[in-house]
2 protein chains.
Amino acid sequence: MQMADLARLAGVSTSTVSRALSGSALINEETRERIQALARQFNYTINSVATNLRSGVKRTIAVVVPYEMASRQSFADPFLHGIIGSLADALTERGYEMLLSRMDADRLDMAAALIDGGRAAGLILIGQWRHHDQLNAMAERGLPMVVWGARLPHQNYCIVGGDNVLGGRLVAEHLLAQGRRRMVFLGDAGLPEVAQRYRGFAQCLRKNALPLLEQQRAAASFLADSGRKAMLALIDANPTLDAVFASSDLLAMAAIGALRERGRRIPADVAVVGYDDVELAAYFNPPITTVRQPIHEAGGRLVETLLSLIKGQSLPVSAPLETQLIVRESSQATAAY
Amino acid sequence: MQMADLARLAGVSTSTVSRALSGSALINEETRERIQALARQFNYTINSVATNLRSGVKRTIAVVVPYEMASRQSFADPFLHGIIGSLADALTERGYEMLLSRMDADRLDMAAALIDGGRAAGLILIGQWRHHDQLNAMAERGLPMVVWGARLPHQNYCIVGGDNVLGGRLVAEHLLAQGRRRMVFLGDAGLPEVAQRYRGFAQCLRKNALPLLEQQRAAASFLADSGRKAMLALIDANPTLDAVFASSDLLAMAAIGALRERGRRIPADVAVVGYDDVELAAYFNPPITTVRQPIHEAGGRLVETLLSLIKGQSLPVSAPLETQLIVRESSQATAAY
DNA sequence: GACTTTAATGCAATCGATTGCAATTTGCGC
DNA sequence: GCGCAAATTGCAATCGATTGCATTAAAGTC
C-alpha cells in the first residue's frame with residue numbers, strides 16, 4: 001500500500017494525501033479526517049525512505065562500535081552495553097532512529113560511508129581505541145561525528161567522556177587512605193582513556209613517594225580472560241601486592257577471580273577497585289569499589305552534542321561528565337589492618 | 001557529491017556512472033576504471049537510500065527490544081546484550097544493516113510501522129513477553145518477522161529459542177543428584193520462556209515426589225534489585241531452603257547477594273543455578289552453574305530464519321537450539337553434605 | 001452581478017539513483 | 001564501400017514521497 005493507492009481510495013490526489021498526513025494547514029479538516037481514517041484502516045504508513053530522499057532531512061544516527069579484529073569481543077563489556085542502551089533511549093526520545101554497526105577498528109573510514117551514502121545524518125563512535133589520527137582525518141572531512149573517549153592534544157573531533165585523570169587520582173587517594181602501599185595497575189594503557197586513568201593514578205602515587213614500576217602494570221584488553229591472565233602475571237611479579245586498580249569493572253571481576261585462585265582474600269589481603277560502575281558491580285561478591293561514569297547522562301550528552309554539530313553550530317565542546325568514586329567492600333580496610 | 005556531479009567530472013551520463021560502479025557488463029573497462037578512480041578520489045559513495053528506493057531491495061533489518069514501561073531496564077540483562085552482539089555480527093556478515101529500537105511492549109504495533117514505512121525488510125523481536133496475541137496478529141498481517149522466545153500453542157509467528165522445558169529439567173536433575181531437596185524457583189513465570197523453565201523443573205521434582213509449593217516460587221523481573229528482594233522474601237518464607245533455580249544468570253547473581261545477606265554460604269548451605277551462561281557467570285564468585293544458551297548461534301539462526309522468510313519460503317520452522325547444563329561451583333555438593 | 005479574496009485541491013518537478021530501450025560508434029565480412 | 005552485429009553510451013521513465021505554483025470553487029464586497 002502506498003500513497004497513490006490511498007489517494008485512489010479517497011478519490012483525491014497524492015498531494016492531498018500528503019498534506020492530510022503531514023499536518024499541513026492547506027487542507028480541509030473533513031478531508032484530513034477522512035484520509036487519516038482510511039490510512040489507519042489499511043495500515044498505511046508513510047514511507048520514510050522516500051520522504052527523506054525528497055526532503056533531504058534524515059532522522060537516523062549511526063552508532064559505530066569499533067572492535068579490534070584480533071578480539072572481536074569488545075562487545076562483551078557491560079559498560080559498552082550500558083552506553084548503547086542509553087543512546088537508544090536518548091535517540092528515541094528525540095525522534096531519531098539508531099543504526100548500529102560493529103566495525104573493524106582499522107577500517108573506520110567505512111563509517112564515513114554511512115554518511116556519504118546518505119544512510120545517516122551523523123555518527124557516534126564508541127571508543128577511540130588507537131585511532132586518534134584516523135578520527136582526526138574523518139573530522140577534517142567535515143563528517144558530523146562525536147566520539148566517546150578521552151580528550152587528547154591536537155583533537156579536531158568532538159569528544160564526550162568522563163574525567164579519566166581525576167578518576168585515576170580518586171582511586172589512588174582512596175587506596176592510600178585505606179593504608180594500601182603496594183599497588184598494581186591492570187589495563188591496556190595503549191588506549192587513551194586507560195592511559196589517562198593510569199596517569200592520574202600514578203601521578204598521585206608519585207606525589208606520595210610510591211612510584212609504580214613497569215612490572216606493576218599489565219596490559220589487558222577488555223576481555224575477561226585476558227584480564228585473568230594478566231592479573232596472574234602481576235601477582236607472580238609482585239607477590240606482596242595489596243591493591244589492584246583495574247581499568248574497568250569487567251577487569252576488576254576477572255582480577256578478583258585470579259586473586260582468589262592464588263589464595264588472596266578480597267579485601268583483607270588485596271583491595272580491588274574497578275572503573276565504570278556497571279550495574280553488576282554492586283552485586284558482585286564482594287561489591288566492587290569503582291569510579292562511576294554516568295552512563296545514562298552519557299547517551300544524552302553524546303546525542304545532544306551530535307545534533308548541535310549537525311545543526312551547524314561551531315564545534316560544540318562538552319565538559320567532562322561527572323566522575324565520582326563509589327566505595328564498596330572490595331577496597332575497604334578490614335580487621336586485617 | 002552525488003552521481004550527477006561525478007558524471008559531469010567524468011564527462012559521461014549518470015547511466016554510465018551507475019554502470020561503472022555497479023559492476024554492469026554493459027560498459028567499457030577503461031571507462032569503468034576511470035570513473036572508479038574519480039569516485040575514490042572524491043570520496044563518492046553511492047547513496048543507498050536512493051538506490052533501494054529505486055530498486056525496492058532493502059538491506060536493513062530492524063531489531064526490536066521490547067521493554068515494559070514500568071521498568072525500562074530490560075536492557076540491563078547481559079544475555080540480551082549477547083544476543084544483540086551476535087545479531088550485529090550475523091547481519092554484518094550477510095551484508096545487512098541493523099536498525100536497533102527499544103519499544104514499549106504494549107505498543108508493539110509500532111514495530112510494524114518500520115516495515116510498512118519501508119525502513120526495514122524484516123523484523124527481529126527479542127522476547128515475546130506477555131504479548132503472544134499481539135505477535136500473532138502482526139504475523140497474520142504478513143509482516144516478515146522472527147521472535148526470540150518460546151514455542152507456544154497457536155503460534156503463527158516464527159520463533160527461535162532454546163528448549164526451556166529441557167533446561168528446567170536438567171537443573172532439577174542436577175540439583176537432585178547433588179542431594180538437594182528443598183528447592184525454590186526465582187523468576188517471573190508470567191513470561192513464556194520462564195514458565196517453560198519452571199514447568200520442566202517442577203515436573204521433574206514432582207516425579208521425584210518433591211512438589212514445589214506456591215511460596216517456593218517468587219516473581220522477579222529481569223532486574224537485579226527486584227531479584228534481590230524476591231530472594232529475600234523466599235528465604236523468609238522457606239528458611240530451610242537448600243537450592244535456588246533462578247531463571248537468568250542476572251537473577252542468580254542477585255540471589256547470591258541476597259543469600260549472603262542472610263548469612264547463607266554458597267554452595268555449602270544453598271546451591272544456586274542460573275540460566276543463559278552469560279560470560280560473567282564463569283567469573284562470578286562462586287562461578288555459577290547455569291544452562292547454556294548458545295548465544296552466537298542464536299544470532300545466526302534468527303537472521304537465517306528471517307531471511308528465508310523474506311525470500312518467501314513457507315514459514316520456516318527452527319528446531320530448538322542446543323540447551324546444555326554447565327556445572328560450576330555454585331551448585332556443587334560440598335563437605336557440608 | 002462583476003470582482004476580489006480565501007480556501008482547497010491538483011499538476012508537475014524534484015530528491016538520487018537504476019534500467020529498458022534507442023542511438024551511436026566500431027569492427028568485421030564479403 | 002555497404003550492411004549487419006556487437007559494444008558502448010545516453011535518454012527518459014521510474015521508485016514514493018513533497019511542495020511551489022496554477023487552478024478551481026466558494027465566499028465576501030460594493
Side-chain angles (χ1 to χ4, degrees), chain A residues 1-39 42-60 95 97 112-121, chain B residues 1-39 42-60 95 97 112-121:
Chain A
M1 159 82 64
Q2 54 202 53
M3 196 177 262
D5 303 326
L6 194 60
R8 209 168 307 119
L9 283 169
V12 297
S13 71
T14 60
S15 319
T16 302
V17 174
S18 172
R19 285 190 270 251
L21 299 176
S22 72
S24 161
L26 296 171
I27 194 172
N28 185 294
E29 222 24 72
E30 288 168 35
T31 316
R32 155 170 299 142
E33 275 157 28
R34 190 163 52 88
I35 292 177
Q36 285 184 338
L38 277 171
F42 290 91
N43 281 315
Y44 171 74
T45 304
I46 212 138
N47 184 315
S48 57
V49 173
T51 299
N52 68 25
L53 169 58
R54 166 64 216 237
S55 67
V57 180
K58 284 179 259 305
R59 291 214 135 300
T60 302
E97 286 171 338
L114 293 172
I115 306 293
D116 294 333
R119 291 298 283 109
Chain B
M1 160 81 66
Q2 54 203 53
M3 197 178 261
D5 303 326
L6 194 60
R8 209 169 305 119
L9 284 168
V12 297
S13 71
T14 60
S15 320
T16 303
V17 174
S18 171
R19 286 190 270 250
L21 300 176
S22 72
S24 160
L26 296 172
I27 195 172
N28 184 293
E29 224 19 76
E30 289 169 34
T31 316
R32 155 170 300 142
E33 275 157 28
R34 190 163 52 88
I35 293 178
Q36 284 184 339
L38 277 171
F42 289 92
N43 280 317
Y44 171 73
T45 305
I46 212 138
N47 185 315
S48 56
V49 173
T51 299
N52 67 25
L53 169 58
R54 166 64 215 238
S55 67
V57 179
K58 285 180 259 304
R59 292 217 140 245
T60 302
E97 287 171 335
L114 293 171
I115 305 293
D116 294 333
R119 291 299 281 109

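In this text the structure is predicted, and so the values were computed from the model without any measurement. Protein chains get the first letters and strands the later ones, always in sequence-line order, with residue 1 at the start of each.
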Taking all non-hydrogen atoms of both residues into account, name the closest pair between [X] and [Y] and its distance.
X: B:A120; Y: B:I115; value: O-CD1, 3.6 Å
X: B:N43; Y: A:D116; value: O-OD2, 3.7 Å
X: B:M1; Y: B:L9; value: CE-CD1, 4.3 Å
X: A:L53; Y: B:A50; value: CD1-CB, 4.2 Å
X: A:T14; Y: A:M3; value: O-SD, 3.7 Å
X: A:E97; Y: B:R119; value: OE1-NE, 2.7 Å

Practice problem: Check whether any side-chain heavy atom of A:V12 sits under 4.5 Å from a side-chain heavy atom of A:R19, and report yes or no. | Solution: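 Sidechains of A:R19 and A:V12: no contact.
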Quiz item: Do A:F42 and A:D5 come close enough that some side-chain heavy atom pair is under 4.5 Å?
Solution: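 Contact flag for A:F42/A:D5 side chains = no.
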Just the rounded figure in Å: distance from [atom2] of [N] to [atom1] of [X].
X: A:L21; N: D:dT18; atom1: CG; atom2: C1'; result: 12 Å
X: A:N52; N: D:dT18; atom1: CG; atom2: C1'; result: 12 Å
X: B:R54; N: D:dC15; atom1: CZ; atom2: C1'; result: 6 Å
X: A:N47; N: D:dC15; atom1: CG; atom2: P; result: 13 Å

Quiz item: Ignoring hydrogens and angles, does a donor from either the side chain of A:S55 or the base of C:dC15 sit under 3.5 Å from an acceptor on the other?
Solution: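 Between C:dC15 and A:S55, which were checked side chain against base, a qualifying N/O pair under 3.5 Å is absent.
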OP1 or OP2 of [N] versus the side-chain N and O atoms of [X]: is any pair under 4.0 Å?
X: A:S15; N: C:dG10; answer: no
X: B:S13; N: D:dG10; answer: yes
X: A:T16; N: C:dG10; answer: yes
X: A:T51; N: D:dT18; answer: yes

Quiz item: What distance do B:T16 atom OG1 and B:L6 atom CG have between them, rounded to the nearest 0.5 Å?
Solution: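 So the OG1 of B:T16 and the CG of B:L6 are separated by 11.0 Å.
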Practice problem: Mind checking the CG-OG spacing from B:L114 to A:S48? Nearest 0.5 Å is all I need. | Solution: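 One gets 8.0 Å once the value is rounded to the nearest 0.5 Å.
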Quiz item: Between residues 1-8 of chain A and DNA chain C, which residues have a heavy-atom gap below 4.0 Å?
Solution: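 Nothing qualifies; none.
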Where the side chain of [X] is concerned, which of [options] is the nearest nucleotide?
X: B:R19; options: C:dG10, D:dT18, D:dT9; value: D:dT9
X: A:Y44; options: D:dA17, C:dG10, D:dA12; value: D:dA17
X: B:I46; options: C:dT18, C:dT14, C:dG16; value: C:dT18

What's touching nucleotides 25-28 of chain D from the protein side, N or O pairs under 3.5 Å?
none

Exercise. Determine yes or no for a side-chain-to-main-chain donor-acceptor pair under 3.5 angstrom, with A:R32 supplying the side chain and A:I27 the backbone.
Key: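 Pair absent, no side-chain N/O of A:R32 close to backbone of A:I27.
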Quiz item: Going by number, which of residues 22-38 of chain B have a non-hydrogen atom under 4.0 Å from DNA chain D?
Solution: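 Those residues are B:L26, B:I27, B:N28, B:T31.
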